[in-house]
Each structure stands twice: as structure tokens, then as C-alpha cells.
Amino acid sequence: MPYYRCVVPKDSVPYDQRAEVAKAFTDIHCGSTGAPRSFVHVVFDEHDDRWDTPYFLDGGNRAGRPEELKAQLLNDLMSAFREITGVSSDEFSGRITEGPASWTMEGGMVLPEPGEETAEWYEHDLQGQAAAGG
Amino acid sequence: MSRVSFSCTMQEGQVADDVRAELADGLRRITADVLGEAPGDIPVDFSDIPIGFGFRGGEPSTTSLVRGSIVGGVTQDVREDLMRRICDMWMELSGCTVDELVVSARDA
């Protein structure tokens, strides 16, 4: 977590834009929440089925952050996606759903609740980045 | 119909096809041990994220996600035991590292 799934029409977003969106989402999420970079997942799901809009951001985060922060986060993510891809506002919608941190294990550790992150958790993130060459 | 199911999402090329049946068996066995569910009834599905479509930390990802939907009301100790056993099994069979795996056990 966080897990951001971008549902997009087939062949609509080329690799360079996908990589740029992934970097932007990571920057925005980490800048907003202080979460380690290596915990931010972004995937693109090419889908021929129609949602309410052709492009859809389906995000999943740890529960427990203030409503204002969550709303700003979603707004910033969607703005970045639109800027990078050129998709218009009426073609793109999104949501962020939440679940308890304690329901997920990542890097062999149960995720801490927002605001309860320990130095050990951040240290593990640095080790993970080093192992990944990041 | 089982009250437990698993959805496994992997990066293309990271988990060999011939390992998946073993992974599914492992998930069913661990769930039976920890939660007492009948292993034969537990659905497990696998899907791949094509290369170039999955990112972690802004870089191409090699991470697999194992998402379990379980019956609600278990204690955190039980949930954690389930997730840890799944982590150990998945790493052993797939050869991934602990940093290439996310496991969740969410209330259905």
C-alpha cells in the first residue's frame, strides 16, 4: 500500500506516460503523507469495458488520515494524470478506498497505522530501495 | 462455497507457470491450518501485470500481491499468522525476496 490502479482504454497511454504518471503519483503520495517511496504501487489496467468514464483511478490506501488530506491527495493525483496524458476532466474519474493497515503485510512487516510509523519501518524501506537498485 | 478466496497479481515473468499450482495448494493448506476452512473449496486466481504496466516507487515493479478475502472477526494474531505463513511459503516456492511480496488478509 498505497495501491493506485489506473484503468485506461487499450493502447491509450504509452509507456513513457505510464512511467511519468507512476513517478508523479509516487512523488505526490510521499510528499503528502510522508510514506516511503518503495511502498507506492502504481499499475495500469487496460480495460475495454466502460466504467462511468473511459479513464478511472482506483486507489487503495491505509485508513486513518484526515479527510482534507485524502481529498487533496485524490485531486493532486488526478490533476497529474490529466496533465501527463492529456485526458480531459470529463473522461476521467477516481476514488480512493481505505482499509486497516493491520490487514496488510509488506516487506515481511505488518503495515503501521498512519502516524505510527517507526524508525525501523523507514529503515526497512531504505534497505528495500537499495536491494532494488533504487 | 468457501468464505475465503485469494487473488494473486504478479508482474509478468516473475512467477513461472509451473509454480502456480503449488502456490495455490500452499494458500489452501495454510488457510485450512490457520482458519479451519476446507481447502478444496477455496478459490485462488492468478493474473499477470504485463511488463511496463506495473511500477513500485516510480520504477518498474517485480512485486507480487496476494490478496486474501477472509471471514471477518479473526484476531490480529490469527490474521498475522496467516499472512506470515503465506509470505514464507510464497518466497520459498517462487524465489522472490521479502521485499517483492505484499500479502493482505481483508475481511470479506
Side-chain angles (χ1 to χ4, degrees), chain A residues 1-8 10-11 13-30 35-47 60 62-63 97-111 124-134, chain B residues 4 6-12 14 30 34 47-92 96-108:
Chain A
M1 273 197 181
Y3 192 86
Y4 293 112
R5 184 170 72 105
C6 303
V7 181
V8 301
K10 187 167 175 54
D11 297 331
V13 182
Y15 177 79
D16 288 352
Q17 289 185 1
R18 296 196 298 270
E20 194 175 347
V21 168
K23 280 193 170 62
F25 279 18
T26 304
D27 291 343
I28 290 166
H29 184 92
C30 296
R37 293 184 68 80
S38 70
F39 280 69
V40 181
H41 302 264
V42 179
V43 301
F44 293 81
D45 187 0
E46 291 189 332
H47 218 283
R62 291 181 290 164
T97 56
E98 296 184 318
S102 60
W103 289 0
T104 299
M105 180 173 283
E106 188 157 354
M109 303 170 71
V110 173
L111 293 183
H124 187 90
D125 173 57
L126 293 175
Q127 292 170 2
Q129 287 186 46
Chain B
V4 176
F6 289 96
S7 176
C8 310
T9 306
M10 299 155 296
Q11 309 298 325
E12 182 183 358
Q14 290 297 312
I30 290 167
V34 177
S47 60
D48 286 305
I49 298 172
I51 292 171
F53 286 76
F55 299 85
R56 180 173 184 174
E59 303 294 333
S61 177
T62 57
T63 299
S64 298
L65 294 99
V66 180
R67 282 178 275 205
S69 174
I70 68 173
V71 60
V74 302
T75 65
Q76 181 60 18
D77 285 347
V78 169
R79 192 187 306 273
E80 196 166 329
D81 183 32
L82 177 71
M83 294 192 291
R84 194 165 300 286
R85 288 201 206 186
I86 290 172
C87 272
D88 292 343
M89 178 274 296
W90 195 279
M91 287 190 292
E92 181 182 343
C96 78
T97 70
V98 73
D99 291 311
E100 294 178 305
L101 182 61
V102 179
V103 176
S104 65
R106 312 174 71 83
D107 287 355

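To find a chain, count down the sequence lines: A is the first, B the second, and so on, and within it residues start at 1.
More than 12 heavy atoms of other residues, nucleotides or ligands lie within 6.0 Å of CD in Glu46(A), so this atom counts as buried by the packing criterion.
Top candidate by heavy-atom pairs under 4.5 Å with chain A, chosen from Ser104(B), Ala105(B), Gly57(B), is Gly57(B). No other option in Lys23(A), Met1(A), His41(A), Arg5(A) has as many heavy-atom pairs under 4.5 Å with chain B as His41(A).
Here the closest heavy-atom approach between residue Leu101(B) and residue Met91(B) is recorded as CD2-CG, 4.4 Å. Summarising the geometry of Asp107(B) relative to Val71(B), their closest heavy-atom pair is OD1-O, 4.2 Å, with the distance given to 0.1 Å. In terms of heavy atoms, Arg62(A) sits closest to Glu98(A) at O-OE2, 3.5 Å. Closest approach of Asp48(B) to Glu12(B), counting heavy atoms only: OD1-CA, 4.2 Å.
Every salt bridge (Lys or Arg N to Asp or Glu O under 4.0 Å) that Arg84(B) has, sequence neighbours left out, goes to Glu80(B).
Both the backbone and the side chain of Thr104(A) come within less than 4.5 Å of a heavy atom in chain B. Heavy atoms of Tyr4(A) lying under 4.5 Å from chain B are absent altogether. Only the side chain of Ile49(B) comes within contact range of chain A, with at least one heavy atom under 4.5 Å from a heavy atom of that chain. Neither the backbone nor the side chain of Glu20(A) comes within contact range of chain B; no heavy atoms are under 4.5 Å apart.
Taking non-hydrogen atoms and a 4.5 Å limit, the residue list of residues 60-68 of chain B in contact with chain A, ordered by number, reads Pro60(B), Thr63(B), Leu65(B), Arg67(B).
Expressed to the nearest 0.5 Å, how far CZ of Phe44(A) lies from CD of Gln17(A) amounts to 9.0 Å. The CZ atom of Arg106(B) sits 10.0 Å away from atom OG of Ser102(A), with the distance rounded to the nearest 0.5 Å. Interatomic distance, Arg79(B) CZ to Met105(A) CE, rounded to the nearest 0.5 Å: 11.5 Å.
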